[in-house]
Amino acid sequence: MGAQVELDVVDMRLLRALQEDARMSNRELAARAGIATSTCSDRLARLRDAGVMCGSAVRIEPSAVGRPLEAMLAVRVHPHRRPLVDPFVQHVLALPETRHLYHLTGPDDFLIHVTVTDAADLQRLVLDELTARDEVVMVHTHLIFHQWRGGPLLPPGAEG
């Protein structure tokens, strides 16, 4: 992890606006932040270079691409050692169903957010891709009925 970057009120406005709509033009973004368009471009470049903004992506609606069922899979591996963990992580990340993978503390070792076509596809994923692996000793499946996104990610106490 990198060092924390000092952000001012203008930076916060830019970050908030981009997290609400990343397709906003530089001109509109500059107007929302109260700065010139050239200053806006420079600020965005600085935020990228400092590692505050990393990448840009489009969020896809899973049901629109034939994956309407979402689940969280809590997975326990044994033994929990790097020679087994690293290949497991690579395997899970290579699965087209994987949206997010988290390495955890506590009774579960991993939490995998997946999108699948239906219950049979979810069963296939669990049985053929996860529990078939020797290091996987348990998978708990939690269906996702609905999800909400939180607000923009800003530093603690940011007023932006």
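This is a predicted model, so every value here is computed, not measured.
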Handout entry: Verdict with reasoning, Leu44 to Leu29, per side chain to side chain contact (heavy atoms under 4.5 Å, CB included)
Key = CA-CA 10 Å; Leu44 294 177; Leu29 187 57; 3.7 Å; yes
Practice task
Give the intermediate values and the outcome of side chain to side chain contact (heavy atoms under 4.5 Å, CB included) for residues Leu125 and Asp121.
Solution key: CA-CA 6 Å; Leu125 177 67; Asp121 193 28; 5.6 Å; no
Exercise for the section: Please report the C-alpha distance between Gln19 and Leu153 in whole Å, then the side-chain angles of each, then the deciding distance to 0.1 Å, and finally whether the side chain to side chain contact (heavy atoms under 4.5 Å, CB included) criterion is met. Expected result: CA-CA 8 Å; Gln19 288 179 81; Leu153 178 62; 3.6 Å; yes
Exercise for the section: Begin from the C-alpha positions of Arg43 and Val10 and carry the test side chain to side chain contact (heavy atoms under 4.5 Å, CB included) through to its verdict. Expected result: CA-CA 9 Å; Arg43 292 255 186 168; Val10 173; 3.6 Å; yes
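Residue Leu111 is not grouped with residue Val85 when hydrophobic side chains (ILVMFWY) are merged at heavy-atom distances under 4.5 angstrom, including chains of intermediate members. Met72 and Val136 sit in two unconnected hydrophobic clusters of ILVMFWY residues. Membership requires side-chain heavy atoms under 4.5 Å apart, directly or through other members. In this structure, Val75 is not a member of the same hydrophobic cluster as Leu127, with clusters built from ILVMFWY side-chain heavy atoms closer than 4.5 Å. In terms of hydrophobic clustering, with Ile, Leu, Val, Met, Phe, Trp and Tyr side chains grouped at heavy-atom distances under 4.5 Å, Leu73 and Ile144 are assigned to different clusters. In the hydrophobic clustering of ILVMFWY residues, with side-chain heavy atoms under 4.5 Å counting as a link, Val139 and Tyr102 come out apart.
When the shell of 6.0 Å around CD of Glu6 is examined, it contains 12 or fewer heavy atoms from other residues, nucleotides or ligands. Summarising the local packing, CD of Glu20 is surrounded by more than 12 heavy atoms from other residues, nucleotides or ligands at distances under 6.0 Å. For His140, the NE2 atom is loosely surrounded, since the number of other residues' heavy atoms within 6.0 Å does not exceed 12. At most 12 heavy atoms of other shown residues, nucleotides or ligands fall within 6.0 angstrom of atom CZ in Arg27. For His80, the NE2 atom sits in a packed shell: over 12 heavy atoms of surrounding residues, nucleotides or ligands are nearer than 6.0 Å.
Between Leu122 and Leu143 the shortest side-chain heavy-atom distance falls below 4.5 Å. Residues Glu135 and His78 form no side-chain contact, since every pair of their non-hydrogen atoms from C-beta on lies 4.5 Å or further apart. Residues Glu61 and Val65 have side chains not in contact (no heavy-atom distance under 4.5 Å, counting atoms from C-beta outward). Side-chain contact between Asp108 and Met138 is present, with heavy atoms from C-beta onward closer than 4.5 Å. Residues Pro79 and Leu84 are in side-chain contact: their nearest non-hydrogen atoms beyond the backbone lie under 4.5 Å apart. Two residues are said to be in side-chain contact when any heavy atoms from C-beta on lie closer than 4.5 Å; Arg16 and Arg32 fail this criterion.
With Arg99 contributing its side chain and His113 its backbone, the two residues share no donor-acceptor pair below 3.5 Å. A donor-acceptor pair is defined here as one N or O able to donate and one able to accept, closer than 3.5 Å; such a pair exists between the side chain of Arg13 and the backbone of Ala33. Between the side chain of Thr131 and the main chain of Val126, a donor-acceptor pair closer than 3.5 Å is present. Between the Asp11 side chain and the Asp8 main chain, a donor and an acceptor come within less than 3.5 Å of each other. A donor-acceptor pair under 3.5 Å links the side-chain atoms of Thr98 to the main chain of Val92, judged by distance alone.
Contact record, His142 with Ala74: NE2-CB, 4.4 Å, taken as the closest heavy-atom pair. Residue Val89 comes nearest to Phe110 through the heavy atom pair CG2-CE2, 3.7 Å, listed as atom of the first residue, atom of the second, then distance. Residue Arg82 comes nearest to Pro87 through the heavy atom pair O-CD, 3.9 Å, listed as atom of the first residue, atom of the second, then distance. What you find for Ala30 and Cys40 is that their closest heavy atoms are CB-CB, 3.7 Å. Across all non-hydrogen atoms, the minimal contact from Phe88 to Ile112 is CZ-CD1, 4.3 Å.
Salt-bridge check for Asp49 with Arg46: failed, with every basic side-chain N at 4.0 Å or more from each acidic carboxylate O. Salt-bridge annotation for Asp128 and Arg124: absent, with no side-chain N of the basic residue lying under 4.0 Å from a carboxylate O of the acidic one. A salt bridge is absent between Arg23 and Glu28; no separation between the charged side-chain nitrogens and carboxylate oxygens falls under 4.0 Å. Between Asp109 and Arg76 there is no salt bridge, since none of the side-chain N atoms of the basic residue sits less than 4.0 Å from a carboxylate O of the acidic one.
We find the CG-CE distance between Leu47 and Met53 to be 6.0 Å, quoted to the nearest 0.5 Å. Here NE2 of His100 is found 10.5 Å from OG1 of Thr115. Values are rounded to the nearest 0.5 Å.
There is no side-chain donor-acceptor pair under 3.5 Å between Asn26 and Thr37.
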